[in-house]
Structures are given as C-alpha cells and as structure tokens.
Amino acid sequence: MRENSYVVEMKNIYKSFGGIQALIDVNLELKYGEILGLVGDNAAGKSTLMKILTGVYQADRGRIFFEGREVHIVSPRISRQLGIEMVYQDFKLCPNLDIPANLFLGREITSNFFKTLKNRQMESMAVEILSRLKIGIKNFKIKTSRLSGGQQQSVAIAKAASFNPKVVVMDEPTASLAVVEIRKVLDLILYLKEQGLSIILITHRLDDIFEVSDRIFVLKHGRRVTIKETSQTNKDEIIKLMF
Ligand SMILES: Nc1ncnc2c1ncn2[C@@H]1O[C@H](COP(=O)(O)OP(=O)(O)O)[C@@H](O)[C@H]1O
Ligand SMILES: [Mg+2]
C-alpha cells in the first residue's frame, strides 16, 4: 500500500505577473495512474500552474509534494529528475533533424570513435521506443518537418515517454492537429495511462476530456472551481463552471 494516493499535490499556490494575479490559492491533486483533465477559459491560469509544476516558473507562495514528499522544483531539470515531463502544443522538435536525432537530442549516445555505430544504436532504440508506443512511422530518416502534425506530436510524446517519467503534463497537445490525427494522439495518451503513468491533460476540446479523463479540474480566473469525477458530470455542467 502506498501511504499516499497522490503522485502530485500542489498546495495553496499563488502566482502573479506584475499586477495580474494568475493563480490564487490553488490546490491540485493528481492520483497515481489517472488522467486529470485541466480546463478553463483563456487566461484562467492553466499553463502557469503547469509551468510551476515543471519548473519553468516559481510560485510566489505554496508547496508541492511529489509521491508524498515535499519538493522544491526550482528548474525544469529538477522537474525532469523527479519524473515529470511536459508536452506542448507546438511539439518543440527540431524540424531539420530526423526522429532518432530528435529523441536523443541533448543525450546522444556517445562513443569516442565509432560515430556510425552510435547512430545505428540510436536508430534501433528509436525504432524500439516508437514500436513500444505503437506509433507507426515508416521512414525514420526524414526530417521531422516532413512528418504530419500528428506524427510530430507522437514523436514529441514518445520523446517525453522515453525519459521513463511518472507524470506527463500535456498542454493542448492536439490543438494544431487535424481531427483524424487527434484520435491517434488520444489513443497514445490512453496507452501511456495503461502503462501506469499519471497524466495531466489541458485542452479546449471538452469531447476529448470526456473521452479520456478520469477527473476534471476546473480553473477560473486563477482559482480552483472544482475537481469532479468525469463519470459524475457532463459537458453542460463543466461549461457552466468554466464561465
Ligand atoms: N510570462 C508571463 N508574463 C506576464 N503575464 C503572464 C505570463 N504568463 C502568463 N501570464 C498571465 O497569466 C494569466 C494566466 O495565463 P495562462 O496561465 O497562460 O492561462 P491559460 O493557459 O489558462 O490560458 C494571463 O492573464 C496571462 O496573461
Ligand atoms: Mg495556456
């Protein structure tokens, strides 16, 4: 038995930018193995809250607990070391590099002399990572800019997953995708959950939230409105709570 059922707890989080109170006394709890949908109107503070969790911003006040232990996430590097990965709307891939180069960017497998060997090893590991995630991309060696938007997002998610995180935060991962591609990204998110990961999903697409999430967190003008079990609510209610 775990002593604590939450992988992440954010407590009494405040953040302001100049005169703007972006977050006011926000509490967020993420359960082990759940998909938590995070919704709210534009400027509600969703991205800011997640950037605090991933070390991009520091809260003005508040505490964060990871697996029951208080942590001080002072940088993205610390967040990653804890096992938290972030996936953004705009992929953050290097468009002129191929898939293996993108997956291993900044942590290339190095050998002093045999550069070709190293490349082949990264390629076979990339094949393994993508097949493990059931991402069917045939041509690994083309620049990622030539992949479809959905394929690029899948590679970005694969990259996040390849760090073996415990928590993945996704900020509008389907926002720039065509409808047919959204389906594949949602399947990938559900697959990560099956593997035991805990996921926070920000999206404007309430249909997607209702399809994949276990619980829904509503943020409004920087304040937590509620967390509801997805099965205990509906779109009309969530929209009323959001606006
Ligand atoms: N780096 C920043 N500098 C100044 N204001 C910011 C910054 N980041 C966010 N904000 C402000 O904080 C508020 C919440 O923004 P954000 O977290 O991006 O909302 P959401 O993701 O819900 O649309 C907005 O008023 C936004 O303008
Ligand atoms: Mg945002």
Side-chain angles (χ1 to χ4, degrees), residues 8-30 34-64 72-80 84-93 149-150 152-153 156-157 159-160 165 167-177 181-182 185-186 188-189 198-213 215-228 230 233 235-243:
V8 170
E9 282 178 275
M10 301 178 79
K11 291 191 173 173
N12 312 109
I13 300 292
Y14 288 77
K15 179 71 183 175
S16 62
F17 297 101
I20 299 165
Q21 279 289 333
L23 295 171
I24 303 149
D25 200 23
V26 174
N27 292 292
L28 177 145
E29 306 87 27
L30 178 65
E34 80 168 339
I35 298 179
L36 179 67
L38 174 46
V39 302
D41 196 5
N42 279 331
K46 306 180 295 294
S47 296
T48 300
L49 186 61
M50 291 303 103
K51 284 176 178 169
I52 288 170
L53 182 59
T54 54
V56 179
Y57 296 154
Q58 311 296 302
D60 299 334
R61 276 169 64 190
R63 304 168 78 183
I64 301 176
H72 300 279
I73 305 178
V74 295
S75 69
R77 192 174 59 86
I78 298 285
S79 177
R80 173 167 280 169
I84 302 169
E85 284 292 322
M86 181 117 182
V87 174
Y88 297 92
Q89 169 180 349
D90 48 3
F91 318 136
K92 296 273 157 62
L93 296 177
Q152 291 183 51
Q153 188 57 289
I157 294 170
K159 179 167 180 164
V167 172
V168 180
V169 176
M170 305 201 188
D171 196 345
E172 300 281 359
T174 59
S176 31
L177 303 186
E181 298 191 315
I182 291 173
V185 170
L186 292 179
L188 185 49
I189 292 170
S198 312
I199 294 159
I200 300 176
L201 173 63
I202 299 177
T203 172
H204 280 94
R205 296 175 47 87
L206 283 185
D207 288 335
D208 296 351
I209 289 277
F210 272 87
E211 192 179 325
V212 303
S213 73
R215 296 191 304 151
I216 301 175
F217 180 113
V218 183
L219 202 57
K220 183 179 172 183
H221 301 320
R223 293 178 194 271
R224 165 175 165 160
V225 177
T226 188
I227 290 192
K228 285 199 169 260
T230 307
T233 184
K235 265 206 283 182
D236 288 343
E237 184 182 34
I238 292 298
I239 289 167
K240 281 199 194 99
L241 291 166
M242 281 169 62
F243 298 104

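Atoms within each ligand, like the ligands themselves, are counted from 1 in listed order.
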Is a donor on one side and an acceptor on the other found under 3.5 Å between the side chain of [X] and the backbone of [Y]?
X: Lys11; Y: Ile64; result: no
X: Gln153; Y: Pro173; result: yes
X: Glu85; Y: Lys159; result: no

Provide, to 0.1 Å, the distance between [atom] and the closest protein heavy atom, together with that atom's residue and name.
atom: atom 23 (O) of ligand 1; result: Ala43 N, 2.8 Å
atom: atom 11 (C) of ligand 1; result: Phe17 CD1, 3.8 Å
atom: atom 1 (N) of ligand 1; result: Tyr57 OH, 3.0 Å
atom: atom 16 (P) of ligand 1; result: Thr48 OG1, 3.6 Å

Backbone or side-chain N or O of Ala44 under 3.5 Å from ligand 1 N or O: yes
Any N/O pair Asn42/ligand 1 closer than 3.5 Å: no
Phe17 six-ring face occupied by Lys15 cation (under 6.0 Å, within 45°): yes
Stacked cation flag Lys235 on Phe210, 6.0 angstrom / 45 deg: no
Report the distance from atom [atom1] of [X] to atom [atom2] of [Y], rounding to the nearest 0.5 Å.
X: Gln58; Y: Ile52; atom1: CD; atom2: CD1; result: 8.5 Å
X: Tyr88; Y: Lys51; atom1: OH; atom2: NZ; result: 6.5 Å
X: Leu219; Y: Leu28; atom1: CG; atom2: CG; result: 9.0 Å
X: Ile216; Y: Ile227; atom1: CD1; atom2: CD1; result: 10.5 Å

Any non-hydrogen protein atom less than 4.0 Å away from atom 4 (C) of ligand 1: yes
Verify atom 27 (O) of ligand 1: protein non-hydrogen atom under 4.0 angstrom away: no
Between Ser213 and Thr230, a side-chain donor and acceptor under 3.5 Å: yes
Ser47 and Asp171: side chain donor to acceptor below 3.5 Å: yes
Shortest heavy-atom approach to atom 18 (O) of ligand 1 - which of Gly45, Ser47, Ala22: Ser47
Distance filter under 2.8 Å, centred on the Mg ion (ligand 2) - protein N, O or S atoms that pass it: Ser47 OG
Which segment of Ile20 sits under 4.0 Å of ligand 1 when only heavy atoms are counted: side chain
Side chain, backbone, both or neither: the part of Leu49 lying under 4.0 Å from ligand 1 by heavy atom: neither
Arg205/Glu211 under salt bridge (charged side-chain N to carboxylate O under 4.0 Å, His left out): CA gap, chis, key distance, verdict: CA-CA 10 Å; Arg205 296 175 47 87; Glu211 192 179 325; over 6 Å; no
Subset of ligand 1 atoms that lie under 4.0 Å from at least one heavy atom of Asp41: 22 (O)
